[in-house]
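See below for the structure under consideration.
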Number of protein chains: 2
Amino acid sequence: MGKPAEQRRQEIVEAALELAAEQGVKRVTTQAIADRVGIAQPTVFRHFKTRDTIFAAAIDFLVTNMFKVLEVCFISKGPADERLQELVTKQLGFISQQKGLPRLLFSDRLHLESPVLKAAVQKVMTRYMGQIATLIKEGQDAGCFRSDLDPDEASRYVAALIQGLIMRWSIFDYGFTLEKEADPLWKFLHASLRA
Amino acid sequence: MGKPAEQRRQEIVEAALELAAEQGVKRVTTQAIADRVGIAQPTVFRHFKTRDTIFAAAIDFLVTNMFKVLEVCFISKGPADERLQELVTKQLGFISQQKGLPRLLFSDRLHLESPVLKAAVQKVMTRYMGQIATLIKEGQDAGCFRSDLDPDEASRYVAALIQGLIMRWSIFDYGFTLEKEADPLWKFLHASLRA
DNA sequence: AAAGAAAGTAATTGATTACTCACAAATGAA
DNA sequence: TTCATTTGTGAGTAATCAATTACTTTCTTT
């Protein structure tokens, strides 16, 4: 009992993410979080002013980690097609270990109910597609991607493919191994991008 | 007052869909439905045993109409690539007029909370992808699609692309015209499928 | 017109849930 | 030791919402 505040905040965020992954956002009640952390329900409100700020912190935590994992694909100087393939692989790997991410990002529950969270989700998606667009542009300049593609447009389809896959995975109860989808997905994607 | 039951049921389903499209599934309370239809809240339960059965009826209504719209693409005998392009166009057109569909089908709210609705959603998606797979197979036999594709696998990517696009459309508040995305999406898709 | 069924409602109930508050225990610095 | 801050809790509150109940109105059929 009586842990430092920063540590408790982190425990609460992680409990919320676990619950979201297992049972969906609705079941992430402040009581359920408290039970999992092992504290009383009002104690949750010592550390977060409202329930929404817990989700905001969770999204922030996930997004920071995700971009940290993907960073190498954006800054390394290898061939763009290899880096994009690695991005797909790393992205699916990350999400298969962070099932809470699609639950939070792709749940209308969040963006329709809280303008703050909606803005956060939109910002993440815009940043994500922007990074992919840059990567595609680099690939075009290096001659490994078709130059008649609009990089922004293509980046949206890359994102859509990945998100659509993740959604199916989520709807079908995580019923297949997400990482195994990386190679075939890339094959399909590459066929559309290559010069 | 005192309309025939079948008509009232339909009014309730349509009110639920409108509310879902406008404000998200959460706000589709039995009270909100009743207000929109112009009846008292308990009257809703005269026509549907539970709230879930309203959603089930709504999904059924949408899915029936959707497959009716797409049917021509599956049964006509034209070139498979043209039929698939038409499918994409018709699909996006249908959804842009039935915003409730993605809200219902892609909301974890429904499938995570009701086994019946989850099964319904999974069934629709399976059927949808199965039809597309058949279409792709026909295209391969006719020589207009690459024969090294697995039709089932490819159909999942077609579905993922469309769903991912729709999700972005929904997250960004219907902020662009969905129909206008049909042609560029097809261009991208066709590049990956063509022989 | 009378009977019975269908459609409707007002009033409530019970369950859930985010959030508050007054107070208690632990922690740490002076 | 003392005193203030941090962390925690038990006992609530107010709001929301699906569902029920007991009752009334409207319509159809004979």
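Protein chains get the first letters and strands the later ones, always in sequence-line order, with residue 1 at the start of each. Keep in mind the model is a prediction, meaning the values are calculated, not measured.
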Quick one: [X] [atom1] to [N] [atom2], roughly how many Å, whole number?
X	N	atom1	atom2	answer
Asp35(A)	dT16(C)	CG	P	13 Å
Lys26(A)	dT16(D)	NZ	C1'	11 Å
Arg51(A)	dA18(C)	CZ	P	5 Å
Ile54(B)	dA18(D)	CD1	C1'	10 Å
Gln31(A)	dG12(D)	CD	P	16 Å
Arg27(B)	dA18(D)	CZ	P	13 Å

Q.
From C-beta outward on Thr29(A), which listed nucleotide comes closest to its side chain: dT17(C), dG8(C), dT9(D)?
A. dT17(C)
**Q.** Which nucleotide in dT20(D), dA22(D), dT20(C) has an atom nearest any side-chain atom of Pro42(A)
**A.** dT20(C)
Phosphate OP1/OP2 of [N] contacted by [X] side-chain N/O (<4.0 Å):
X	N	result
His47(B)	dG8(C)	yes
Arg46(B)	dA7(C)	no
Arg8(B)	dG8(C)	yes
Thr43(B)	dA7(C)	no
Thr30(B)	dC17(D)	no

Q. Under the 3.5 Å rule, do the base of dC17(D) and the side chain of Gln41(B) count as making a donor-acceptor pair?
A. no
Q | Result of checking Arg27(B), Lys99(B), Arg36(B), Arg103(B) against Glu22(B) for salt bridge (Lys or Arg N to Asp or Glu O under 4.0 Å) | A | Arg36(B)
Here's one to test your reading of the geometry: is the NZ or CZ of [X] within 45 degrees of the ring axis of [Y] and under 6.0 Å from its centre?
X	Y	answer
Arg194(A)	Phe145(A)	no
Arg9(A)	Phe48(A)	yes
Arg83(A)	Phe74(A)	no

Q: Report the C-alpha separation of Asp173(A) and Lys118(B) in whole Å, then their side-chain angles, then the decisive distance to 0.1 Å, and conclude whether the side-chain contact (heavy atoms from CB on, under 4.5 Å) test is met.
A: CA-CA 10 Å; Asp173(A) 301 321; Lys118(B) 171 191 267 179; 2.9 Å; yes
